[in-house]
2 protein chains.
Amino acid sequence: MQSRFDKLRRTHLIMCLLVQMCSSELPFSRCFSFINMQVNDGSAVSNIQAVVGSDVEGYDKIEAGLVNTGASVAIEGVLVESQGSKQKVELKATKLTLVGGTDPASFPIQKKKLSREYLRSVAHLRPRTNTFGAVARVRTALAFATHQFFREHGFVWVASPIITASDCEGAGEQFCVTTLIPSSHEDPKTPLSKVPTTKDGLIDWSQDFFGKPAFLTVSGQLNGETYATALCDVYTFGPTFRAENSNTTRHLAEFWMIEPELAFADLKDDMACATAYLQYVVKYVLENCKEDMEFFDKWVEKDIVTRLTNVVEKPFVHVTYTEAVELLQKAKKKFEFPVKWGADLQSEHERYLTEVAFSGNPVIVTDYPKEIKAFYMRQNEDGKTVAAMDLLVPRVGELIGGSQREERLEVLERRIEELGLNKESYWWYLDLRRYGSVPHAGFGLGFERLVQFATGIENIRDVIPFPRTPNSAEF
Amino acid sequence: MQSRFDKLRRTHLIMCLLVQMCSSELPFSRCFSFINMQVNDGSAVSNIQAVVGSDVEGYDKIEAGLVNTGASVAIEGVLVESQGSKQKVELKATKLTLVGGTDPASFPIQKKKLSREYLRSVAHLRPRTNTFGAVARVRTALAFATHQFFREHGFVWVASPIITASDCEGAGEQFCVTTLIPSSHEDPKTPLSKVPTTKDGLIDWSQDFFGKPAFLTVSGQLNGETYATALCDVYTFGPTFRAENSNTTRHLAEFWMIEPELAFADLKDDMACATAYLQYVVKYVLENCKEDMEFFDKWVEKDIVTRLTNVVEKPFVHVTYTEAVELLQKAKKKFEFPVKWGADLQSEHERYLTEVAFSGNPVIVTDYPKEIKAFYMRQNEDGKTVAAMDLLVPRVGELIGGSQREERLEVLERRIEELGLNKESYWWYLDLRRYGSVPHAGFGLGFERLVQFATGIENIRDVIPFPRTPNSAEF
């Protein structure tokens, strides 16, 4: 047999690679002297039907009850026009091989409606279901479209560090990364006395792997800026972490972020880039994942295809934070959280703006009060606001948050001091303003929120293969 | 002014975005009434020359000594045929704006030969140099080509988890991820007494974020297998970690891995995929990074373009481990480490095979003794070897390591027991063999080694933006 990669394509007409018997009908039904099997190789939501006659080699395995839902089989045969109305073609089998059987009594993914919560407990098997297969394919398409968008526009991909001794936002709860605790999977019992200390009873960081406390990154932005101010436009695409004890449908302890950074750019460029990016990746998915999107439209979120088409075709609305607050104050809706100038917008406010006030259009809100935004955002001339922007979309709320960065050394230093941050630890960040400073801007996008937005899946734990949340790091 | 993203392209003929004055000549030379400046926007190694006449707005800034190497400038002008022989076109300036100046006395990246070691200490500024700019562009091209290769062949990208309670290889030194140690950047003084303990003086993992010990992943392979056995072909591309105290030019504590996993595939498919992948990405770089590759050929590794062209064009050599050992035993070269059947090949052996024995061709060595390979590799019928493969290339040695996975439940369970591993912790991995098991195979490739291979850069710390090594997690 030729290797599949010799010609870099499958000989799929003769030998079909088949993973599962997963049919919305009965797994197979007997009629006369042949059996119909619904089989799927993971490349699409829809199954292919294989017709296995009683004269076919391997038919005895079926008769013996060895071929069950979840088994993997190899079926050789020819594609023929289908007799039924459900599909155009079917595979007329000439040989069936049972590659790997299953025990029907214990197989955790039986062909019945399974709750998403249950499926999280078998995250190693859930990609075998329709929904999670479709999510995986759309996720892949969104990731590829992301790389392709930035590649087409000349951006350099920067692998921002995961382990870091920096703290981007001056706050943010971080995970500590250490080798001081000599634990193992095999024996998690660790006496505290094994952790090295100084004479004063303090943890002796000098004996840690990095010689000082190190953490998992909460954002690659500051590192991205170093490359943007050298090579113009860059982006990061990598995992980031928050050790926040949030048990919501919107939060993960580990998630992937996309953080572009544009040099010689202002907030307007930043908004234009975010708009072009979002429209590009959504269009890519609509064009390249048609069948999966029809599946989501039918089973997960009614009319999601229309909602996404609107995003691609309609202009995004621009309002300032001040205008948004006025709109919300005039709104007839009762909000749980009060709206007043100076307070951060809550998820309910954001969704009202995009879903109601602007009838489903994405909305970019700009120029937030400086007190509720990070130290590095560029101060506007009014002395009260900064050149920040949040992009709000229906269902998800804030999808993108960005800003023009403060490129003026003195202004930035003053802000760091005002906020009581440790200026010394930002020495390299300040160097970017000391030597050939440029106006620059960027934004961050949580990739899993984008997948939620594009699939309609409600819980963020269902759009990443192995979600990490408080008390959960299985698999 | 129009936003740069309104039409998704730069109006670069009128306004050139310029980051640096970095010339191999003097930064600028005065002759008659104009000044030549070498400027660069980070999109290529070669600079563009801007000619600024004394009648041009902004010329006074130059005369006042404010425009120095490392400054950022904006120059409006028209592209004209160059008078000199070095370049085809140059920018005849009509207006010069100093965007951000530098202090020439303290600027750390002066226009002189700087050691790579020194540049590591200013990793936030080193992308402004020729070499690190070129590395960043080739890295980006290799990453994009990776995604494109797998996309073209229908692979699903799987974000394997970074934080995990699993331990892939049953060994491998891991970093612990914890919130039990209440440290911060601002005040790293942590009394040991703040770490929660049980009554027995053991660290109380139940109070940790994940309720048990958690670690940084050393490989995404086992997680990748869960998706491959559901959706056929998948790949991971993400960071992985080793807490090994290795201070070499080949080791990082944090590095990016690419791990494809093919379902319904054997070792031959795996080798074919690795070959096709490597040839694809190398060809992509040769075609898309011509100027950068000429730069590396001239300044970093003589004839690297020829070496890489050979990789694309020549067939890869296949030998078994047993044949390789015989070859090495017959070799006239004295090795530091002895060669004998059953011992792992050392870097010197690997390089001899690919560089000398097979005159610079990549070599795939297969069928290693099972004792020196991981528990999950498929056992061959001889009872002594496993279906493993290592791909060796000149200069780097082992670039890719892969295997067919043991898909037979009983054989895998027996091996786990033989090695004294904790079978319970592999329950979900074994499930893949319980329910619809399929023959499958995959490999892992350290992305930074690939960048070393493609650029000729000797030290792995110089091919990742912010290297993490023992005692070093700066920036």
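Nothing here was measured: the structure is a model prediction, and the numbers come from that model. The sequence lines fix the lettering, A, B, ..., with proteins before strands; numbering per chain opens at 1.
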Report the option among [options] that has the most heavy-atom pairs separated by less than 4.5 Å from atoms of chain B.
options: Gly133(A), Pro465(A), Ser43(A); value: Pro465(A)
options: Gly211(A), Ala123(A), Pro108(A), Ser206(A); value: Pro108(A)
options: Ala159(A), Gly154(A), Pro467(A); value: Ala159(A)
options: Leu216(A), Asn245(A), Leu409(A); value: Leu216(A)

Part of [X] lying under 4.5 Å from any heavy atom of chain A:
X: Tyr429(B); answer: neither
X: Phe447(B); answer: side chain
X: Trp428(B); answer: both
X: Thr469(B); answer: backbone
X: Gln148(B); answer: both
X: Thr178(B); answer: both

inquiry  = Is there a side-chain contact (heavy atoms from CB on, under 4.5 Å) between Phe144(B) and Phe144(A)? Walk through the geometry before answering.
reply    = CA-CA 9 Å; Phe144(B) 183 72; Phe144(A) 183 71; 4.3 Å; yes
message = Does either side chain, that of Ser72(B) or that of Tyr435(A), offer a donor lying less than 3.5 Å from an acceptor on the other one?
response = no
Heavy atoms only: give me the nearest [X]-[Y] pair and the separation to one decimal.
X: Leu231(B); Y: Ala136(A); result: CD1-CB, 3.7 Å
X: Glu254(A); Y: Ser160(B); result: OE2-O, 4.4 Å
X: Trp205(A); Y: Thr190(B); result: NE1-OG1, 3.6 Å

Using heavy-atom distances under 4.5 Å, tell me whether [X] contacts chain B through its side chain, its backbone, both, or neither.
X: Lys194(A); result: neither
X: Ala143(A); result: side chain
X: Pro470(A); result: both

Nearest 0.5 Å please: distance from the [atom1] atom of [X] over to the [atom2] atom of [Y].
X: Phe209(B); Y: Asn471(A); atom1: CZ; atom2: CG; value: 8.0 Å
X: Arg434(A); Y: Asp103(B); atom1: CZ; atom2: CG; value: 10.5 Å
X: Trp256(B); Y: Ile162(A); atom1: CH2; atom2: CD1; value: 5.5 Å
X: Asp41(A); Y: Asp233(B); atom1: CG; atom2: CG; value: 9.0 Å
X: Arg151(B); Y: His147(A); atom1: CZ; atom2: NE2; value: 11.5 Å
X: Ile163(B); Y: Arg468(A); atom1: CD1; atom2: CZ; value: 7.5 Å

task = Show your working on ring pair (Phe, Tyr, Trp, His ring centres under 6.0 Å) between Phe175(B) and Phe210(A) and close with a plain yes or no.
result = CA-CA 11 Å; Phe175(B) 289 101; Phe210(A) 297 109; 5.6 Å; yes
Val99(A) and Pro439(B), any side-chain heavy atoms less than 4.5 Å apart = yes
message = Side chains of Thr164(B) and Phe466(A), heavy atoms from C-beta outward: is any pair under 4.5 Å?
response = no
key: Worked verdict on Thr229(B) versus Arg128(A) for side-chain contact (heavy atoms from CB on, under 4.5 Å)   = CA-CA 8 Å; Thr229(B) 52; Arg128(A) 300 186 189 193; 3.6 Å; yes
message = Tell me which one of Leu202(B), Ile203(B), Asp200(B) satisfies side-chain contact (heavy atoms from CB on, under 4.5 Å) with Pro191(A).
response =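 It is Leu202(B), the one option of Leu202(B), Ile203(B), Asp200(B) that forms the side-chain contact (heavy atoms from CB on, under 4.5 Å) with Pro191(A).
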key: Best-contacting candidate, Asp266(B), Asn223(B), Leu432(B), against chain A by heavy atom pairs under 4.5 angstrom   = Asn223(B)
ask   = Is there a side-chain contact (heavy atoms from CB on, under 4.5 Å) between Thr226(B) and Leu125(A) once you walk through the steps?
value = CA-CA 7 Å; Thr226(B) 68; Leu125(A) 298 174; over 6 Å; no
query = So, the side chain of Thr140(B) versus the backbone of Trp157(A): is there a donor-acceptor pair under 3.5 Å, distance only?
reply =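 Such a contact is found between Thr140(B) side chain and Trp157(A) backbone.
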